[in-house]
Number of protein chains: 2
Amino acid sequence: MKDLLRPDLTFRLTGRLWVESEQDRFMGIGRLELLRHIQQHGSISKAAQAMDMSYKRAWDLVSSLNAQSASPLVLTQTGGKRGGGTVVTPEGEELIAEFEALQARFQAFLAAEAARVL
Amino acid sequence: MKDLLRPDLTFRLTGRLWVESEQDRFMGIGRLELLRHIQQHGSISKAAQAMDMSYKRAWDLVSSLNAQSASPLVLTQTGGKRGGGTVVTPEGEELIAEFEALQARFQAFLAAEAARVL
DNA sequence: ATTCGTTATATTTTCATGAATATAACGACA
DNA sequence: TGTCGTTATATTCATGAAAATATAACGAAT
């Protein structure tokens, strides 16, 4: 493909991957980052503002994740000493780890293909 | 990941990849299909209607493709016996072939990863 | 010169997605 | 009991991308 591209521009090969069920997306890079931020901050609202995402969107994503998993990936608590909070369960941690690994293999694939094709 | 997913739903791993320059996308699955339709029909407008895409969008994509390639990928002719038309150049055919091959390897990657992770 | 089907191009309209905004519920603690 | 920061939820608003619409240019053929 190299010989077809304008030599004064720089090109890159990029992509995205995700897991989806019939009706809804389940896991992707955005949800991965959200889960990591929730781990860090212990709260959906804090995670959302750290990512510059609206609270509602973050909450919707969490709701979608939990709705499609066999057991909860995050546990939310409402009210209480600090108003509540959210923790990532061991199952959620497993999902994070597995999707991170998948993502890493994908990036390796992209790099290898870029070297071959660009 | 398998053990984390609701067993009453079916999940699939999917993804997309594309080549882009700084300012603009260059090649992706949508543009591949457009190029194939142009090959088949010899016209941007026929290709667009076969794909149920607006002519403007198809024309914009063709314009973007040619603007980023070293030599034209498609040649357009305006006016004339049948009003004009569009042909895919040998360079365009090369792009089609290479991107199809890349796409096939990507699908193989996805299938292998799905088998591992889902 | 007129017709015809296409390319070329600008402008307006639709639509979907996420952002913003608003409000209620919650429950520990002072 | 009142406060506080959060979760939970509904509704409105903004924005960007694609569709729809409109019009001109083109050039071979009649």
Side-chain angles (χ1 to χ4, degrees), chain A residues 14 16 18 20-21 23-35 37-69 72-89 92, chain B residues 14 16 18 20-21 23-35 37-69 72-89 92:
Chain A
T14 166
R16 291 205 145 212
W18 60 91
E20 64 185 14
S21 66
Q23 41 261 346
D24 196 9
R25 180 162 300 197
F26 173 64
M27 193 60 189
I29 183 74
R31 290 167 190 234
L32 172 64
E33 281 167 15
L34 176 59
L35 287 174
H37 278 87
I38 290 173
Q39 274 187 319
Q40 281 176 30
H41 293 99
S43 134
I44 294 176
S45 67
K46 296 259 183 61
Q49 89 186 55
M51 297 177 68
D52 198 42
M53 174 187 285
S54 72
Y55 169 79
K56 183 186 190 304
R57 172 150 179 72
W59 188 89
D60 284 345
L61 292 175
V62 165
S63 168
S64 164
L65 280 164
N66 276 340
Q68 296 178 86
S69 58
L73 304 170
V74 308
L75 293 175
T76 63
Q77 197 171 7
T78 175
K81 94 175 62 174
R82 281 190 173 72
T86 300
V87 299
V88 175
T89 65
Chain B
T14 167
R16 292 205 142 211
W18 61 90
E20 66 186 14
S21 65
Q23 41 263 345
D24 196 9
R25 181 164 299 196
F26 174 64
M27 192 61 188
I29 184 74
R31 290 167 190 235
L32 172 64
E33 281 166 15
L34 175 59
L35 287 175
H37 278 87
I38 290 174
Q39 274 187 319
Q40 280 176 31
H41 293 98
S43 134
I44 293 175
S45 67
K46 296 258 184 61
Q49 87 185 58
M51 296 177 69
D52 198 43
M53 173 187 288
S54 72
Y55 169 77
K56 182 186 191 303
R57 172 148 179 74
W59 187 90
D60 283 345
L61 292 176
V62 165
S63 168
S64 164
L65 280 164
N66 275 341
Q68 296 177 87
S69 58
L73 303 171
V74 309
L75 292 175
T76 63
Q77 197 171 9
T78 174
K81 92 175 61 176
R82 279 188 175 72
T86 300
V87 298
V88 175
T89 65

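In this text the structure is predicted, and so the values were computed from the model without any measurement. By convention in this document, chain letters (A, B, ...) are assigned in the order of the sequence lines, proteins followed by strands, and residues within each chain are numbered from 1.
Although no hydrogens or angles enter the test, the distance criterion places a donor-acceptor pair under 3.5 Å between the side chain of B:Q68 and the main chain of B:R25. A donor-acceptor pair is defined here as one N or O able to donate and one able to accept, closer than 3.5 Å; such a pair exists between the side chain of A:T89 and the backbone of A:P72.
Tested against B:L75 for a side chain to side chain contact (heavy atoms under 4.5 Å, CB included), the candidates B:V88, B:T86, B:V87 yield a single pass: B:V87.
Contact between the side-chain N/O atoms of A:T78 and the OP1/OP2 oxygens of C:dC26 is not found at any separation under 4.0 Å. Under 4.0 angstrom from either OP1 or OP2 of C:dT6 there lies no side-chain N or O belonging to B:T86. Here A:S45 does not reach the OP1 or OP2 of D:dG5: none of its side-chain N or O atoms lies under 4.0 Å away. In terms of phosphate contacts, B:R57 brings a side-chain nitrogen or oxygen within less than 4.0 Å of OP1 or OP2 of D:dA18.
Nearer to the 5' terminus of DNA chain D, by closest-nucleotide assignment, is the contact made by A:G85 (compared with the other of A:G85 and B:G83).
Nucleic acid contact for B:S63: none, since no nucleic acid atom lies under 4.0 Å from a heavy atom of the residue. A:K46 comes within contact range of the sugar-phosphate backbone alone, with a heavy-atom separation under 4.0 Å but no base atom that close.
Going from atom OH of B:Y55 over to atom P of C:dT9 covers 9 Å, rounded to whole Å. Protein atom CG of A:N66 is 13 Å distant from nucleotide atom P of D:dT7, rounded to whole Å. Atom CG in B:D52 sits roughly 8 Å away from atom P in D:dA20 (whole-Å rounding). Residue B:K56 contributes atom NZ, which lies 17 Å from atom P of D:dT23 at whole-angstrom precision. Taking atom CG on A:D60 and atom P on D:dT11, their separation rounds to 14 Å, with Å as the unit. D:dA19 atom C1' lies 15 Å from atom CE of B:M51, rounded to whole Å. Between the CH2 atom of B:W59 and the C1' atom of D:dA19 there is a distance of 17 Å, rounded to whole Å. The NZ-P distance, from B:K81 to C:dT6, rounds to 14 Å in whole Å.
The minimum heavy-atom distance linking A:N66 with A:L73 is given by the pair OD1-N, 2.7 Å.
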Residues B:S64, B:R31; criterion side chain to side chain donor-acceptor pair (under 3.5 Å); working and verdict: CA-CA 10 Å; B:S64 164; B:R31 290 167 190 235; 2.9 Å; yes
